[in-house]
Enquirer: 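Once you've had a glance at the structure underneath, I'll fire off some questions.
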Amino acid sequence: MTVTTAEVESYVGGRWRAGPSRFADLNPAHPDQILAEARMADASLATEAVEDARRAFPAWHKTAAPVRGAILRKAADLLEQRADAVGRDMAREEGKTLGEAIGETRRAVAILRYYAGQGLEPDGDTYPSVTGVALLFARREPLGVVAAITPFNFPIAIPAWKIAPALAYGNTVVWKPAEVVPLTSQHFAQALIDAGIPDGVLNLVLGTGVEIGPVLTGHQDVDVITFTGSNEAGKQVRRDATEHGKKVQLELGGKNPAIVLADADLDQAAEQIARAAFLSAGQKCTATSRVIVERPVLEEFSQRLAERARTWKVGDPLESGTQVGPIVSERQLDKVLGYLKLARDEGATVVAGGGREKDLPGYYVEPTVLTNLGPESRVVREEIFGPVAALLPVSSYEEAITLANDTPFGLTASLFTRDLGKALQFVEDIRVGVVKINQETGGLEFQVPFGGMKGSSSGGREQGKVARDFFTQWKTVYMDVPPA
Ligand code: NAD
């Protein structure tokens, strides 16, 4: 076992603080390598973080928005300079390829810059008065203390798209990242610290959801919770937080469909669907896991997808040429392998992959294509979060839509076709928050609203300008002049 001496701590009230318990940050490509030890916070350190955020709020609120923006812009510059090192740590602790990890870091840079620019955007509206009030206007104000709870799979982009707008619009933040990505979290916090974020405005709390969650959902000084993660944890967070009167936003799981119509360009469809299903080892809320194919092209499409599943390079995220890295942890690996066993028990035919990559030391799963599963199969209904795609044949566009919508989730969906009429029809018919035509279900731009329908999201969209709707509240002002 290789152990490094790096220790990662929480950042509370402007100081790095060691919590009482320890968490070994493993490399999923080489689980015998401990990359760092996180000194995990307990409830009392998390409580301090909330209280520090509350104390810091009035001054941060009063700081002019362009000045807040200048700090975010500086953090973006620093993160950009550090992108290679940050990406390397992210690839080592999360398992995505180095290219994906550096790309994600650059995306966080772009998100910081975007919200820095929001500091110069209008912050309200003026209205004509029906009663003759001299000046009638409404403006946006921050909410107070935002608790951001984030998942492992986009360990810098998701924190960026929650924390950057929360700060830009004048809130202070307590951030609890996923346990397994402390190094990446430290890098993001460090960029903001080095850029001059005032003490208490950003607090990083490393800890478990079970220990820290109840502090964030229950403490009276937290005004808002923004959560991204699994449906199970999200529902618990929503129950607890709404009971304590907090505003809550949830971004949860997906079971995203891609429909391939008989007229589609099958190479384009196979390439895009393979990317959505297998890259990042399928650990994306926007991954494609149900591939609905019109019967006349099923055999040919299946071959093209399976060929990619068999030939894409699975391996160490730091090696050049690697396309698919490991699953993030042993727990997630067991979950994915459990679903592959279930698929066999449910009568699936394995077209490609189907098991663990046994020749490699890490938590690798072969890119997998399954068929012969019915719409009621658990493998077809539940989020797997691994590189697994199930093929579902249909006889018409209408049958494809019925099947695509037959899920409690509603995050993203793709349609592959040359028929623009069908594409527009699909935009109407599909019940998801993000629709793609001839593109993979994964892959988002930061300047447009993001979020899902049905069980995938609640409480308002993220990213783009709509983030302002969630992180601020209106204040309406009636102003008259005294009589002369
Ligand atoms: P997870 O639910 O296990 O953990 C997410 C975060 O919640 C972590 O920080 C965790 O510590 C915390 N947490 C867990 N239990 C908690 C509790 N009881 N109270 C408070 N916090 C708690 O999810 P994960 O495995 O890190 O991430 C994968 C999941 O995230 C998948 O379901 C995926 O679809 C979802 N996800 C959704 C989106 C989206 O935008 N919709 C984006 C990325 C990931």
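Note that the coordinates shown come from a computational prediction; the quantities given were computed from them, not determined experimentally. We count ligands from 1, going down the list as the structure has it; atoms in each ligand are counted the same way.
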Enquirer: Starting from atom 32 (O) of ligand 1, locate the nearest protein heavy atom and write down its residue, its atom name and how far away it is, to 0.1 Å.
Expert: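 Going atom by atom, the protein heavy atom closest to atom 32 (O) of ligand 1 ends up being E383 OE1, 2.6 Å.
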Enquirer: So which protein heavy atom does atom 41 (N) of ligand 1 come closest to, and at what separation?
Expert: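 Atom 41 (N) of ligand 1 sits closest to the protein heavy atom L252 O, 2.7 Å.
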Enquirer: Supply the atom-to-atom distance F152 CZ to M90 CE, rounded to the nearest 0.5 angstrom.
Expert: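 The CE atom of M90 is 13.0 Å from CZ of F152, to the nearest 0.5 Å.
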Enquirer: Can you tell me which residue and heavy atom of the protein come closest to atom 6 (C) of ligand 1, and the distance to 0.1 Å?
Expert: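 For this ligand atom, the closest protein heavy atom is T150 O, 3.5 Å.
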Enquirer: Return the residue, atom name and 0.1 Å-rounded distance of the protein heavy atom closest to atom 36 (N) of ligand 1.
Expert: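 Closest protein heavy atom to atom 36 (N) of ligand 1: C285 CB, 3.6 Å.
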Enquirer: Give the numbers and elements of all ligand 1 atoms closer than 4.0 Å to a heavy atom of V237.
Expert: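 This gives 19 (N), 20 (C) as the contact atoms.
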Enquirer: Supply the atom-to-atom distance D89 CG to H187 NE2, rounded to the nearest 0.5 angstrom.
Expert: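 D89 CG to H187 NE2: 3.5 Å, rounded to 0.5 Å.
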Enquirer: With heavy atoms under 4.0 Å as the rule, classify the contact between P214 and ligand 1 as side chain, backbone, both or neither.
Expert: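 Looking at P214 and ligand 1, no heavy atom falls under 4.0 Å.
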Enquirer: Is it true that T288 and T441 share a donor-acceptor pair across their side chains at a distance under 3.5 Å?
Expert: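 Yes.
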Enquirer: Can you confirm whether L72 sits close enough to R68 that some side-chain heavy atom of one is under 4.5 Å from a side-chain heavy atom of the other?
Expert: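 No. Closest side-chain heavy atoms not under 4.5 Å.
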Enquirer: Would you mind finding which of D240, I149, N153, I212 brings a heavy atom closest to atom 44 (C) of ligand 1?
Expert: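 Heavy atom nearest to atom 44 (C) of ligand 1 belongs to N153.
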Enquirer: May I ask you to say whether K255 pairs ionically with E383, meaning some side-chain N is under 4.0 Å from a carboxylate O?
Expert: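 Between E383 and K255 there is no salt bridge, as every charged N stays at least 4.0 Å from the carboxylate O atoms.
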Enquirer: Ligand 1 versus E251, non-hydrogen atoms closer than 4.0 Å: side chain, backbone, both, neither?
Expert: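 Within the 4.0 Å criterion, E251 contacts ligand 1 through backbone and side-chain atoms alike.
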Enquirer: Under a 3.5 Å cutoff, is there a donor and acceptor pairing between the side chains of Q118 and Y169?
Expert: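 On atom types as modelled, these side chains qualify, holding a pair under 3.5 Å.
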Enquirer: I'd like to know if atom 4 (O) of ligand 1 has any protein heavy atom within a distance of less than 4.0 Å.
Expert: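 When distances to the protein are checked, atom 4 (O) of ligand 1 has no heavy atom within 4.0 Å.
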Enquirer: Taking atom types as modelled, is there a side-chain donor on S414 or E440 under 3.5 Å from an acceptor on the other?
Expert: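 No, because no side-chain N or O of S414 sits under 3.5 Å from a partner of the opposite role on E440.
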Enquirer: Under 4.0 Å from ligand 1, counting heavy atoms only, is it the side chain of F450, its backbone, both or neither?
Expert: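 For F450, only side-chain atoms sit under 4.0 Å from ligand 1.
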Enquirer: Does a donor on one side chain sit under 3.5 Å from an acceptor on the other, for W16 and S10?
Expert: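 No.
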Enquirer: Any idea which protein heavy atom is nearest atom 24 (P) of ligand 1, and the distance to it?
Expert: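 For atom 24 (P) of ligand 1, the nearest protein heavy atom is F152 CD2, 3.7 Å.
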Enquirer: Considering the heavy atoms of I158, write down every atom of ligand 1 situated less than 4.0 Å from one of them.
Expert: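 Near I158, meaning under 4.0 Å from one of its heavy atoms, ligand 1 has 42 (C), 43 (C).
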Enquirer: With a heavy-atom distance limit of 4.0 Å, tell me whether E179 approaches ligand 1 through its side chain, its backbone, both, or neither.
Expert: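 Answer for E179: side chain.
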